Protein chains: 2
Amino acid sequence: MAAKDETSAGSVWLRPQRSRGGRPTLTTQQIVPAAIEILDTDGVEGLSMRTLAAKLGAGTASLYWHVANKDELLELALDDVQGEIAIPAVGEVGWRAAVGALAAGIRDIALRHPWMIGLAGVKPPIGPKAMRLNDVAAGMLAAAGFSGAAVSRISALLSAYAMGAAAAENSCRQGAAQPGQAAGQMRASIEAHWRSVAEQYPNLAHWRSENPSATFDQDTFLFGLDRILDGIAVWRDRAPG
Amino acid sequence: MAAKDETSAGSVWLRPQRSRGGRPTLTTQQIVPAAIEILDTDGVEGLSMRTLAAKLGAGTASLYWHVANKDELLELALDDVQGEIAIPAVGEVGWRAAVGALAAGIRDIALRHPWMIGLAGVKPPIGPKAMRLNDVAAGMLAAAGFSGAAVSRISALLSAYAMGAAAAENSCRQGAAQPGQAAGQMRASIEAHWRSVAEQYPNLAHWRSENPSATFDQDTFLFGLDRILDGIAVWRDRAPG
DNA sequence: CATTATCTCGAACGTCGTTCCATAGCTGGT
DNA sequence: ACCAGCTATGGAACGACGTTCGAGATAATG
């Protein structure tokens, strides 16, 4: 751990590069994907510096030459997965489909890497891949005819909804499938508990009686997305720009 | 730690109550608010079972009689703060204002207790306060004239957006004010870093040139909320219900 | 009063993130 | 060819953490 003194206590991204001399066997480009692999399998709690180093065949302390600490490693991993999102060009599909694909892409990534859901609301989104995503989204919205502050606000609206929807969907999944027991067992005890308290929640009970298996799923996401796109469309038609 | 065997490895909420006999000095009703106080001050990492017990004047191990583990304590705290959200009746203000107040209330709570942002996407939302909130929201939407699946979908849309917006706003704040350095110092180094990479992000650069201080703030939230409410309104007018 | 269940908590265990520092390898200057 | 100086490694240790154990204290029950 050196090379940190010039911009002390900043984010990873604000730090200058190092190079020249030495023995370059371990690199950040190896560490981050390995960390993501562990995160996808075991979650944030399953990632320890020791297991990560073991997976790379390196000593634990060696990691600290390449990343300042675990928090910074998580920041790097969080930024890295945001590079997986692909956004179609507006010309190919029309603005509504392109904008919808942006939101759907964000949701897909979040559900594929659930550990990032708890991280995205905490770590600042200033990594290169996150900025690239924002830049592409801004270009797409500009090409769709939006201008000025509308570009950033609509982009913010879509990504906020996509992340919130992924969070809701993921938390519902956590309740449905607890580890260490049969799949149906938890669901059964939830069902029993629900019946015992249903009378305390009359409105929920009424709705749930006509729709028993109620979770936040893809249909829920797509319904909300359509409402948002409708709202953007009427705003776009009302105030030109 | 007992009384867990009957419904082994379930959520807190599925566990029966205990009582009768013994020395009831420490209660869950004391523990959870104390934990929330620490969480508000120091975040999730600042909450340790030892400091919490010390704050309560109790031994560390005593906590484990009332909560199974730290995860369950966080679940209890997460549910508890959701009881702070107040929702106005539809008759008083009209459905659009009432629905908007629901989303704004969720955002307020999340920004007042930022630690819950990283938790809400991970812990299942089946606590009593969370269900009460859902129930009240469902009743509000039903009173507003929505029916059937629309009630749950619109409620899900609003809370997903509110949480996502709070997450985005909070993560922007994390980037702006890093602890342990002067407020302007981080902002200055971000600014310098931005200038050095601006040409890589032409669309962002163009937009940022007309709007230098760009973060997710209340105006961004309200703009998106208005678009969502517009979208719900046109859907409501189109398909009766 | 004896029994039984409830509740407290000092002490200990294993794991974690992190640091220290001795050491190894590469590069450039002479 | 050689050494100086940087880059990089990693064994060992530290302190803090979540959690468990089990002995003890307290109050209701029969």
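Chain A is the first sequence line, chain B the second, and so forth, proteins listed ahead of strands; every chain is numbered from 1. None of these values were measured; they are calculated from a predicted model.
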Salt bridge flag under 4.0 Å for residues B/Lys123 and B/Asp71 |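 The answer is yes: the pair qualifies as a salt bridge.
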
What contact category does [X] fall into here, base, sugar-phosphate, or nothing, at under 4.0 angstrom with non-hydrogen atoms?
X: A/Ala58; result: sugar-phosphate
X: A/Leu47; result: sugar-phosphate
X: A/Ser48; result: sugar-phosphate

Examine the side chains of B/Ser48 and B/Thr51 and answer whether a donor and an acceptor come within less than 3.5 Å of each other.
->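 B/Thr51 and B/Ser48 do have a side-chain donor-acceptor pair below 3.5 Å.
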
Within the pair B/Thr25 and C/dT8, is there a side-chain N or O less than 4.0 Å away from OP1 or OP2?
->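 So the side chain of B/Thr25 is within the cut-off, an N or O lying under 4.0 Å from OP1 or OP2 of C/dT8.
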
Phosphate contact (D/dT9 OP1 or OP2) by A/His66 side-chain N/O below 4.0 Å =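 For A/His66, the contact criterion (side-chain N or O under 4.0 Å from OP1 or OP2 of D/dT9) is met.
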
Quickly work out the [X] [atom1] to [N] [atom2] distance and round it to whole Å.
X: B/Trp65; N: C/dA5; atom1: CH2; atom2: P; result: 11 Å
X: B/Leu56; N: C/dC9; atom1: CG; atom2: P; result: 11 Å
X: B/Asp71; N: D/dC17; atom1: CG; atom2: C1'; result: 14 Å
X: A/Leu73; N: C/dG17; atom1: CG; atom2: P; result: 10 Å
X: A/Arg50; N: D/dA12; atom1: CZ; atom2: C1'; result: 11 Å
X: A/Tyr64; N: C/dC21; atom1: OH; atom2: C1'; result: 17 Å
X: A/Met49; N: D/dG10; atom1: CE; atom2: C1'; result: 13 Å
X: B/Leu52; N: C/dC9; atom1: CG; atom2: C1'; result: 15 Å

Could you check which of D/dT19, D/dT9, C/dT18 has an atom nearest any side-chain atom of A/Ser62?
->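 Closest nucleotide among those given: D/dT9.
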
Nearest to the side chain of A/Ala61, which nucleotide is it out of D/dT19, C/dT19, C/dG17?
-> C/dT19

Quick one: does A/Leu39's side chain get under 4.5 Å of A/His113's, heavy atoms only?
->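 A side-chain contact is absent here, since even the closest heavy-atom pair is not under 4.5 Å.
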
Identify the residue among A/Arg112, A/Lys129, A/Arg132 that makes a salt bridge (Lys or Arg N to Asp or Glu O under 4.0 Å) with A/Glu84.
->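 Single salt bridge (Lys or Arg N to Asp or Glu O under 4.0 Å) partner of A/Glu84 among A/Arg112, A/Lys129, A/Arg132: A/Arg112.
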
Gap separating the CG atom of B/Leu102 from the CG atom of B/Asn134, nearest 0.5 angstrom = 9.0 Å

